[in-house]
Amino acid sequence: MPSEPLHRLTLSEAADLLHRREVSSVDLTRAAFARIAEVEGSIHAFLTLTEDLALEQAREADARIGRGEATPLTGVPGAIKDVICTKGVRTTCGSRILEPYVPPYDAAVITLLKEAGLVMVGKTNMDEFAMGSSGENSAYGPTRNPWALDRVPGGSSSGSAAAVAAGMAHYALGSDTGGSIRQPAALCGVVGFKPTYGRVSRYGLVAFASSLDQIGPLTRSVRDAALVFEAISGYDARDSTSAPLETPRIADSLKVDLRGLRVGVPQEFFVEGMVDSVRSSVEAAIQQMEALGAEVDWEVSLPSTAHALAVYYIIAPSEASANLARYDGVKYGFSYHEGESMWENMEKTRQHGFGDEVKRRIMLGTYALSAGYYDAYYLKAQKVRTLIRREFDAAFQTHDILVTPVSPTPAFHLGAKLDDPLQMYLSDICTIPVNIAGLPGISLPCGMMEAPDGTRLPIGVQILARPFDEASLFRAAYAYEQATDWHHQFPPL
Ligand code: GLN
């Protein structure tokens, strides 16, 4: 048995022990649930726990390992964001409107994970329909940051980030439409990776903004993120935007060498109001990459970045208003029946089923798409989207990766931005341009800062690469991680 408690192991470490038969999947699963019993009461990372299912899957995984048929994920406990459909297991999207919804099918990523030997501990808490940056928009109450229980874990993949940071799962899946994997990863001190748009099938991911949504892993190491990415990616005919490309094998060829890698630092991502420790930690991370042999250009400029937030808050709500039209109380979930007419029932279903932020987005999107406003808002936003993408294309002509902050601030207090949607939206200023352009992006720990009350809070750095060049992104992330110690920090729970 290892000297460290089992729940602290990375996915890779747990897999090594499993394959050497030093622990069983049932041991790891019991350890995960023991940890959940210990800390979940103060964190609230889960909306549904699936202990019986997990133990059954763990026994199957042990049998499979015994037959020598294991993959790196086989038998290692993981958690799934509650926006991803799981056959027979309730999937709420953090919303009242889907409270009773049990999907009759698995999302493509779940099918792939099951083929790889999934042990699912549960479904994680999230901002309702993935709209939010703090986890506070969940209809089931907020998740707390494992580093500071009076602070948010970030969002919308709040539960996934907190579960991994607190040792309740060795990895988790999240979804990222405007930063929802990377920003909570940064605020919780874990690794969060959004693949290139088109890499991972969106089949069975409940749609928020379909041209931006992408599924990806949250883990405690860069190698772990590569392993999960390899397992969940690949062409899927059921998603019309799925890319017909082979997924590169990354995890086994990671090396600590950045010689010749051309790194760009886009100035516009160091926004006004950014906390000094965030800026200095990210700059120190870039210097570390330079010391590892990278050629750093500190003067890259992407001027249209300034418009990314405005573009996002037209495009994402527009797509959301169309996607969320399906929740009418007829086909899925919560349904209001007491009305005088079918129309009243539909209205009341939506009135009671959706929370304030979701209603705000539906109204924004419906307005932006309405006759007379379409050209001024939606069409204009699409044009600026093209400009943003072209600027990234130009930067990637002369640079292999770009390095930026993830979030202008570390984890903020619960309630601090709840009454000010604009302040909340600004949390994603460094992550949103990446979805607009469809690029792969990773967030990884690069520092800790001390809050005025003495609490230590994690800081993240973001690495971006050309579409489908996840290999360069992982090369830089892994080399940096191995040269530093930030990923070994564990919250003092
Ligand atoms: N915070 C952003 C929003 O509220 C991004 C959310 C996401 O990536 N799902 O839209």
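Remember, it's 1-based here, ligands and their atoms both numbered in the order they're listed.
- Taking any N or O of Lys81, backbone or side chain, none lies under 3.5 Å from an N or O belonging to ligand 1.
- Near Ser156, meaning under 4.0 Å from any of its heavy atoms, are these atoms of ligand 1: 9 (N).
- For a threshold of 3.5 Å applied to N or O pairs, the pair formed by Gly155 and ligand 1 contains no separation below that value.
- Within the listing of ligand 1, atoms 4 (O) sit less than 4.0 angstrom from a heavy atom of Met131.
- Between Phe334 and His352, the two ring planes are perpendicular [angle over 60°; tilted spans 30° to 60°].
- Annotation: Gly178 places an N or O atom under 3.5 Å from an N or O atom of ligand 1; distance criterion only.
- Side chain of Asp127 to main chain of Gly135: a donor-acceptor pair is present (N/O by atom type, distance under 3.5 Å, no hydrogens or angles).
- Ring centers of Phe474 and Tyr478: at least 6.0 Å apart, outside the cut-off.
- Between Gly132 and ligand 1, a contact under 3.5 Å exists for at least one N or O pair.
- Side chain to side chain, Ser175 and Lys81 meet the donor-acceptor criterion of an N or O pair below 3.5 Å.
- Under a 4.0 Å criterion applied to the non-hydrogen atoms of Phe208, ligand 1 contributes the atoms 9 (N), 10 (O).
- Ligand 1 has Arg361 within reach: a non-hydrogen atom of the residue lies less than 4.0 Å from it.
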Query - Derivation and outcome, side-chain hydrogen bond (donor to acceptor under 3.5 Å, both in side chains), residues Tyr197 and Thr241 - result: CA-CA 8 Å; Tyr197 184 81; Thr241 58; 3.2 Å; yes
Report task. In sequence, state the C-alpha distance, the side-chain angles, and the governing distance for Asp176 and Arg182, and then conclude on salt bridge (Lys or Arg N to Asp or Glu O under 4.0 Å). Result -> CA-CA 8 Å; Asp176 191 314; Arg182 290 161 288 149; 2.8 Å; yes
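- Close contacts between ligand 1 and Tyr313 involve ligand atoms 2 (C), 3 (C), 4 (O), 10 (O) [criterion: under 4.0 Å to a heavy atom].
- Every atom of ligand 1 is numbered from 1 in the order shown, and the set under 4.0 Å from a heavy atom of Ala130 is 6 (C), 7 (C), 9 (N).
- In summary, the atoms of ligand 1 found under 4.0 Å from a heavy atom of Tyr312, numbered by their order in the structure, are 2 (C), 3 (C), 5 (C), 6 (C), 10 (O).
- Salt-bridge annotation for Lys114 and Asp106: present, with a side-chain N of the basic residue lying under 4.0 Å from a carboxylate O of the acidic one.
- If you check which protein heavy atom lies closest to atom 1 (N) of ligand 1, you get Asp428 OD2, 2.6 Å.
- In this model, a donor atom of one side chain and an acceptor atom of the other lie less than 3.5 Å apart for Asp224 and Ser12.
- Between Asp82 and Arg90 no salt bridge is recorded (no basic side-chain N to carboxylate O distance below 4.0 Å).
- Between Ser180 and ligand 1, an N or O atom pair is found at a separation short of 3.5 Å.
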